[in-house]
Amino acid sequence: MDLKIKDVRAEMPNYANYKDWQRPGPILGIAVHHSATADRTTGAPIGNAHTFFDYHVNQRGWAHGGYNYVITGSGDIEYALDEKIAAYHAGFADPDNSEGLEQGQYWNNHYLAVCLAGWFSQGRTYRDDAGRTQPIPNNFTGPSPAQMESLLALLQQLRKKYNLPVENVRGHRELAGNATTCPGPNLDPAQIRVALRAADEAEPRPQLEPDIPSSVAPGEHVLLLPDTDKYFNAAMAYIWKFQPDVSFAVDEARGRWPYVTVVGNPEAISDDQLARLRVGGAKLVQRIAGDPTAAQTTLDKLAETGLRFLTKPDQPAPPPGSWRSYTVQPGDTLSLIARQLYGDAQLWPIIFEANQDILSDPSRLRPGQVLKIPPKP
Ligand SMILES: [Zn+2]
């Protein structure tokens, strides 16, 4: 589908002064906002890129209008601020960097900002000229169907362009350090992700893995073992075979090695920490998840087959008729995994049945979970 986007970037106030700015790192996700602007007499969404940017630049004194995209109440998509420029949409004050989020600028630096015109809440009010609080009628309290359709299509297009996993499409209120109800109590970001997953299943799988290097020089690859006591023995054969650097200090790994293999579950090192390693310049960051036994199975198999890294989607083919394991990646669904491993998305119930001990709901997978995969029937 060809998405209709109106390019209004050059019409925005102060454009000449910021048009050559560059964000200080890669785009890793997208945040969804609402403008919290509604017509006082009808409750309908008001505003567009011009009015929001005019307010932020000319009333508030910002350098630019804050959002990369605006979607009007009627569903028109406006491209307002170049994607290469960091938006002002989710920054917070953290001078000591106690959150480890680039002094509060992480979301601005690495998340695109998409703003829906409208105010997605019941019980909205405004102050009249006499200073009295007045109600706004409870109409148009959620995004219109046209707005949702445009939002989902835009999010899919941006996810493809930047290889963004569905987990990294978030509502403003889901971003650490931000205390807000945005994009409004009536817009549930989890529902947006459900819709995006459904759209993923309808199309070929987006490539989420970066290129696997064909050769690695000494000192270029580190095996990170945040939970050393539990996992060191599991990694012995792998270390012996490939002689990577080995480190336990996750925070010191940033910017030091181009290739990083992390051994352990998200409890020991989170997906956000992996993302920060990528931001720090790592070309490839892979996780070997699971308990020490599962991790050792994966690492031993890599050592045996001479593969330093997990390859996706061409994982080493198992002998016919044998079970294997699969580590859930961000954005995975059972159908996608079935398509990848069996060549047929319809076979997902086989995987669900085989993993009843860890899966209670076929639509809930956690990245890092290790699934048992029965042989293809
Ligand atoms: Zn917001």
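Note that ligands are numbered from 1 as they come in the structure, with each ligand's atoms numbered from 1 the same way. Only this structure's heavy atoms are used, side chains among them; waters, hydrogens and symmetry mates stay out. For reference, positions follow the sequence shown, starting with 1.
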Quick one: sort the Tyr79 and Tyr69 rings into parallel, tilted or perpendicular, breaks at 30° and 60°. parallel
Under-4.0 Å salt bridge between Asp128 and Arg40: no
So Tyr111 and Tyr106, would you call those rings parallel, tilted or perpendicular, with 30° and 60° as cut-offs? tilted
Partners passing side-chain hydrogen bond (donor to acceptor under 3.5 Å, both in side chains) against Arg124 (at least two apart in sequence or in another chain): none
Listed protein N/O/S atoms, distance to the Zn ion (ligand 1) under 2.8 Å: His33 ND1, His172 ND1, Cys182 SG
Given side chains that start at C-beta, do those of His221 and Thr261 come closer than 4.5 Å, heavy atoms only? yes
Do Asp357 and Lys372 meet the salt-bridge criterion of a basic N to acidic O distance under 4.0 Å? yes
